[in-house]
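Scroll down for the structure; my scribbles are underneath it.
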Amino acid sequence: MLKQQLNFKLSQKLSPQQIQLMKLIQLPTQAFEQRVKQELEENPALDSGKDEVKDDFEEFDNSGDEEYDSEKIETDINVDDYLSDDEIPSYRLNANNYSSDDEERQVPYASGTSFTQHLMGQLHTYRLDDEQMEIAEFLIGSVDESGYLRRSLIDLMDDLAFTQNIYTTEDSLEKILQIVQNLDPAGVGARSLEECLLIQLKRKEETESVALAQDILTDAFDHFSKKHYQKLLSKFDITEDQLRDAIEEIEHLNPKPGGSYAGNTKVVEHVIPDFTITINDGELELTLNGRNAPEMHVSREYTNMLKGYKDAKQKSKSQKDAVLFIKQKLDAAKWFIEAIKQRQQTLFVTMSSIMNYQQEYFLTGDERNLRPMILKDIADEIEMDVSTVSRVANSKYVDTPYGTKLIKEFFSESMTNDQGEEVSTREIKKILEITIQEENKRKPLTDDKLAKILKEKGYPIARRTVAKYREQLDVPVARLRKEI
């Protein structure tokens with residue numbers, strides 16, 4: 001019995017080539033280009049671009065080589081198979097499957113000075129002695145990318161003593177921190193959200209609304225953060241209009257002063273769509289980014305080496321050894337070209353199936369038209385493994401008339417509505433989102449009320465499910481959605 005199980009497991013194992021193909025399928029366009037570049041560098045038998053010398057070797061196409069076969073060389077290579085392969089692969093020739101790839105797209109990078117350098121440049125306009133400047137620079141170095149100083153002054157004092165050999169007091173550190181907090185953007189160097197907002201308010205022109213906003217943040221920050229507006233009205237003995245104006249002042253402040261600085265040294269994320277869906281005369285058209293099918297062929301130099309071996313009447317031991325090496329490289333080149341073809345076909349077939357399955361959504365852009373769809377639905381339709389569909393869906397993007405989307409966003413579970421119809425959970429989330437957008441913000445809907453509304457609309461789901469969908473939509477609870 002154990003032997004049978006072992007044999008079954010062995011039969012399920014993938015070959016190294018199959019594993020490599022799965023890895024290729026998983027790669028998005030940009031990573032795939034890097035993989036092709038790596039293969040070109042590592043395998044001299046593989047060339048990119050068009051080969052203008054194909055006709056020189058056509059005489060060898062489909063011609064037998066008895067002399068070669070009669071030589072009992074330790075290889076079963078057929079020279080003619082390789083001499084006729086230096087043409088553009090056929091999978092590159094069907095233009096309907098590819099988007100125009102003439103335009104070079106580069107990943108943009110944020111340029112300019114870093115956030116820290118921006119602060120240091122301002123600091124050096126202040127007249128400070130050497131020790132004060134070192135402390136101020138240390139404080140700036142401790143500011144995180146959001147603009148906050150997250151560690152206590154006592155901890156920073158210890159660090160200064162151990163790492164900089166600077167011994168100072170908490171009062172002295174506080175005074176130098178005030179200098180850092182005078183730098184731009186306003187709010188930098190704050191130790192809490194409350195302090196960050198107060199620093200910004202103090203720079204604004206003094207008005208009744210600004211003064212009230214400062215009092216609220218100083219004396220009733222907890223009430224403000226929890227939107228307990230009635231308690232604020234009572235505590236400060238003010239009208240709703242006065243409170244609304246003060247809250248408006250606060251809402252216009254920046255809670256993350258460092259995050260808005262354009263010189264942050266982060267790479268700007270740039271998604272290259274792997275597919276494009278367009279609508280022409282009411283019909284959907286799918287194209288695969290042309291960069292997924294590079295022009296590749298067997299190297300002319302390696303072809304010439306084979307030609308020379310084929311023409312030679314005397315075959316030396318060194319020539320035989322060289323042919324064995326050439327065979328390995330040519331087999332790898334042929335496999336890689338074939339793998340590119342299979343990858344391209346797999347991507348196109350999978351996305352075509354998804355597009356047809358979600359045709360109503362792609363024609364309208366309305367998420368309420370998304371059908372329930374799981375990986376197995378597509379896998380069964382295209383007769384491929386679920387893991388293959390997963391590799392395409394989880395790592396590829398499609399450019400649609402409604403924006404660039406991650407393909408896995410089109411997949412969702414289903415539930416049954418009160419009509420007995422299967423509906424997508426994405427559809428329910430969209431209706432939930434619209435319901436919340438249209439609610440009276442003075443009296444936001446609780447999860448219980450949202451569940452009742454959805455039930456009235458024909459979607460009988462539990463309150464805890466509503467809470468889960470609301471959290472997935474990144475929507476806060478009713479109390480925190482309240483406006484005055």
Side-chain angles (χ1 to χ4, degrees), residues 146 148 192-194 196-197 213 216-217 220-233 240 243-244 246-257 259-260 269 271 358 361 364-374 393-394 397 400 402-418 422-484:
S146 295
Y148 285 83
S192 65
L193 174 60
E194 178 183 350
C196 177
L197 299 176
I216 289 172
L217 293 178
F221 184 76
D222 191 52
H223 290 338
F224 166 74
S225 62
K226 292 179 179 177
K227 296 196 173 185
H228 291 159
Y229 295 139
Q230 277 305 128
K231 292 181 180 179
L232 291 174
L233 291 170
E240 285 192 359
L243 179 58
R244 186 181 296 108
I247 289 174
E248 191 174 339
E249 290 286 355
I250 297 172
E251 288 178 341
H252 281 84
L253 304 176
N254 186 356
K256 291 184 179 180
S260 63
E269 185 179 359
V271 172
Q358 300 291 4
Y361 163 74
T364 63
D366 189 340
E367 289 189 6
R368 288 172 291 185
N369 290 332
L370 276 172
R371 295 173 59 192
M373 179 177 72
I374 59 175
N394 287 332
Y397 288 83
T400 74
Y402 325 106
T404 299
K405 311 283 186 181
L406 183 61
I407 293 169
K408 74 174 182 180
E409 293 178 3
F410 304 128
F411 289 85
S412 64
E413 297 290 341
S414 65
M415 68 155 287
T416 306
N417 64 12
D418 60 357
E422 291 286 306
V423 294
S424 167
T425 53
R426 286 292 299 272
E427 177 183 334
I428 299 170
K429 286 181 188 178
K430 189 64 181 178
I431 292 170
L432 178 62
E433 185 178 22
I434 293 171
T435 302
I436 291 172
Q437 287 172 354
E438 294 175 349
E439 72 185 356
N440 179 357
K441 295 303 179 185
R442 293 174 68 93
K443 293 182 180 180
L445 299 167
T446 63
D447 291 342
D448 274 326
K449 290 180 180 176
L450 287 169
K452 289 177 182 176
I453 291 172
L454 286 173
K455 187 175 182 180
E456 290 169 4
K457 290 178 180 286
Y459 305 98
I461 59 175
R463 185 206 61 80
R464 64 180 179 275
T465 307
V466 168
K468 181 178 76 171
Y469 291 169
R470 177 179 52 71
E471 289 169 3
Q472 289 173 352
L473 291 168
D474 202 22
V475 174
V477 295
R479 178 170 50 78
L480 296 180
R481 301 200 304 272
K482 187 176 181 182
E483 295 176 6
I484 192 166

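In this chain, residues are counted from 1 in sequence order.
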Give the minimum heavy-atom separation between [X] and [Y], together with the two atoms involved.
X: Tyr469; Y: Lys429; value: CD2-CE, 3.7 Å
X: Val466; Y: Leu450; value: CG1-CB, 3.8 Å
X: Tyr361; Y: Phe410; value: CE2-CE2, 3.5 Å
X: Pro255; Y: Leu193; value: CB-CD1, 3.8 Å
X: Phe411; Y: Ala393; value: CE1-CB, 3.7 Å
X: Pro257; Y: Tyr148; value: CD-CE1, 4.3 Å

Is [X] atom [atom1] crowded by more than 12 heavy atoms from other residues, nucleotides or ligands, each under 6.0 Å away?
X: Lys405; atom1: NZ; result: yes
X: Lys441; atom1: NZ; result: yes
X: Glu409; atom1: CD; result: yes

Non-hydrogen side-chain atoms of Thr435 and Lys430 separated by less than 4.5 Å: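 Result no, sub-4.5 Å side-chain heavy-atom pair not found.
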When you compare the side chain of Arg470 with that of Val477, does any pair of heavy atoms fall below 4.5 Å? yes
About how many Å separate [atom2] of [Y] and [atom1] of [X], when rounded to the nearest 0.5 Å?
X: Leu432; Y: Thr465; atom1: CG; atom2: OG1; answer: 11.0 Å
X: Lys226; Y: Lys231; atom1: NZ; atom2: NZ; answer: 8.0 Å
X: Ile407; Y: Gln358; atom1: CD1; atom2: CD; answer: 12.0 Å
X: His223; Y: Leu233; atom1: NE2; atom2: CG; answer: 11.5 Å
X: Ile453; Y: Glu439; atom1: CD1; atom2: CD; answer: 8.5 Å
X: Asp222; Y: Glu194; atom1: CG; atom2: CD; answer: 10.0 Å

Residues forming a side-chain hydrogen bond (donor to acceptor under 3.5 Å, both in side chains) with [X], sequence neighbours excluded:
X: Glu240; value: Arg442
X: Arg463; value: none
X: Thr364; value: Asn369

